[in-house]
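Both backbone and side-chain heavy atoms feed into the values below; hydrogens, waters and symmetry mates do not.
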Amino acid sequence: MTTPAPAEELTTRHADLQDLVALLRDQQGRKVDIVTPPTALRADRGRLLISGAEPILTSTGVTSTDGAYRPTVTCEKGIAEKLKINLPYLRRCRSEAVDLWDTNVNGWLDRLPRDQKFLVRAFRGSGNGPGVARALLSDSYKRVDHLDVLTAALDGVEQAGVPIQVQGCDLTEQRMYVRVFSPAVEVIAPRLLEGYRSPFTGAEGAANPVIWGGFVITNSETGCGAAAITPRLVVRVCDNGYTITADAHRAVHLGGKLDEGVIDWSGRTHRKNLELITAKTTDAVRRFLTPAYVQKIVTTMEAKAGVPIVRPAETIQIVSQQLRFSEEHQDAILGHFIKGGDLTAGGVMHAVTSVAQSLTDADTAHEMESRALQVLQLAARS
């Protein structure tokens, strides 16, 4: 039995900005991006073997990029998609019969057109150990790295001239999340918070009914979504976040075909991409970090938040089924709803976003936060 490359080597949850930047800088020095035909890829004992790739010239010498790379869960999903292999089946092969994993991957690689090419995004291994295969992507995928996105976005914030604080940062195999808010952009929302108390501290929303404006910076280096600046509201009394996905500014990772070999991503096009992210961030800050924008979203929430919930367990079950929350998350939402003490549709929304804070899986947490308005609408109708 083999397992994918462990996520804990690549990820962090609830980090501060300084720790995230340190991790990204460390990863930046280990990255390698290779455009390769299927004939240069082989599966061996659950790993990807790359042969015939160009070496990398660094300040410490020449480093070979040929060798073995352990695929992450995200990369294995990309392998299944590109080779049209059923993903649950491929994962079963890995856990129960890795020789079948190799046979399936190699068999379908051999059947691909010789002129087809893939982009393999990887981290080099240390010493003689295997590296980590992060993603198997199309050769038209345009890299927009986390550190560059973060630097460009923070530059855009500075240009907009609005003071911000970083609430927390997450890094997963799939995405980076940086949550930002501005204490200078606040709205008083007594109708939204009057019956609510924090399930973490017991602090009452009625005594401190402040909503801050903010946004979340997201990006994927592994084909799991565009770079985006998405507005986000933060409840001061409990730090719950409500992500407003409908208003996101996105930069899609699509470009022209890449030449075969190790890719050097520097140059004019890359700089223009970062300038675009900076400009979009500046526009987003000026649009989202205003009391008028925050008040508009709060008013939308308040229109449905006061609807009483007569059968909480049934309502939360309906909401969870509609939005495909797991049974474990459904139970947690009910528990947070009871602790929150707000027996309304707004209370269900608060419970979902407070549960999101407590999850160790940042991707799932962000997905739950992004469903806040849907939760509110479904709870009000049930």
Side-chain angles (χ1 to χ4, degrees), residues 153 156-168 177-199 203-218 228-250 279-309 319 340-354 356-357 366 368-381:
V157 172
E158 183 176 358
Q159 290 183 25
V162 179
I164 57 98
Q165 293 182 20
V166 176
Q167 186 185 26
Y177 306 94
V178 179
R179 297 176 296 279
V180 170
F181 72 96
S182 176
V185 181
E186 69 172 43
V187 165
I188 305 302
R191 287 178 55 201
L192 188 62
L193 298 170
E194 60 186 354
Y196 179 65
R197 61 175 177 266
S198 168
E204 296 186 356
N208 192 6
V210 173
I211 304 285
W212 285 318
F215 56 88
V216 57
I217 302 164
T218 57
I229 308 294
T230 308
R232 183 175 183 269
L233 308 189
V234 179
V235 179
R236 181 176 181 178
V237 75
C238 60
D239 289 336
N240 287 356
Y242 308 96
T243 305
I244 316 301
T245 56
D247 293 334
H249 285 222
R250 292 182 173 86
K280 284 192 171 187
T281 304
T282 303
D283 291 342
V285 169
R286 289 171 177 163
R287 179 184 174 193
F288 302 146
L289 293 193
T290 66
Y293 179 82
V294 177
Q295 184 62 67
K296 181 185 76 170
I297 301 301
V298 168
T299 299
T300 299
M301 290 178 170
E302 287 179 337
K304 296 182 182 295
V307 175
I309 299 299
V319 169
D342 183 357
L343 306 180
T344 66
V348 178
M349 177 181 68
H350 297 319
V352 169
T353 54
S354 63
Q357 284 193 67
H366 179 76
M368 289 182 76
E369 277 198 2
S370 71
R371 300 295 186 88
L373 293 181
Q374 289 176 274
V375 168
L376 183 60
Q377 292 168 356
L378 288 169
R381 288 205 305 261

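Residues Val216 and Val178 have side chains not in contact (no heavy-atom distance under 4.5 Å, counting atoms from C-beta outward). No side-chain heavy atom of Val307 sits under 4.5 Å from any side-chain heavy atom of Arg381.
To the nearest 0.5 Å, the span separating CZ on Arg179 from CZ on Arg232 amounts to 5.5 Å. To the nearest 0.5 Å, the span separating CD on Glu158 from OG1 on Thr281 amounts to 12.5 Å. Note: Thr300 OG1 to Leu376 CG = 9.5 Å, rounded to the nearest 0.5 Å. In this structure, CE on Met301 lies 10.0 Å from CD on Gln377, to the nearest 0.5 angstrom. Atom-to-atom distance recorded for Thr353:OG1 and Arg371:CZ is 14.5 Å, nearest 0.5 angstrom. Note that OG of Ser198 and CG of Asp239 are 8.0 Å apart. Values are rounded to the nearest 0.5 Å.
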Exercise. Begin from the C-alpha positions of Leu193 and Ile211 and carry the test side-chain contact (heavy atoms from CB on, under 4.5 Å) through to its verdict.
Key: CA-CA 10 Å; Leu193 298 170; Ile211 304 285; 4.0 Å; yes
Practice problem: Run the numbers on Tyr196 and Asn240 for side-chain contact (heavy atoms from CB on, under 4.5 Å), then give the verdict. | Solution: CA-CA 12 Å; Tyr196 179 65; Asn240 287 356; 3.1 Å; yes
Quiz item: Going through the checks in order, is the side-chain contact (heavy atoms from CB on, under 4.5 Å) test met by Arg287 and Ile229?
Solution: CA-CA 11 Å; Arg287 179 184 174 193; Ile229 308 294; over 6 Å; no
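Residues Asn208 and Val237 approach most closely at O-CB, 4.2 Å, considering heavy atoms. Taking both residues in full, the closest heavy atoms of Pro163 and Pro183 are given as O-CD, 4.5 Å, listed atom of the first, atom of the second, then distance. Pairing each heavy atom of Gln159 with each of Arg286, the nearest pair is O-NH2, 3.5 Å. Residues Met368 and Ala356 approach most closely at CB-CB, 4.1 Å, considering heavy atoms. Heavy-atom minimum distance, Thr230 versus Ile244: CG2-O, 3.4 Å. Across Thr218 and Tyr177, no two heavy atoms sit closer than the pair CG2-CD2, 3.3 Å.
Just one of Thr290, Val157, Leu289 meets the side chain to side chain contact (heavy atoms under 4.5 Å, CB included) condition when paired with Val162; it is Leu289.
At distances below 3.5 Å, not a single donor-acceptor pair connects side-chain atoms of Ser370 with backbone N or O atoms of Thr243. Remark: side-chain polar atoms of His350 are paired, donor with acceptor, to backbone N or O of Leu192 under 3.5 angstrom. Between the side chain of Gln357 and the backbone N or O of Cys238 there is at least one donor-acceptor pair closer than 3.5 Å.
Sequence neighbours left out, not one pair with a member in residues 203-216 passes salt bridge (Lys or Arg N to Asp or Glu O under 4.0 Å).
Using cut-offs of 30° and 60° on the angle between ring planes, the pair Trp212 and Phe181 is parallel.
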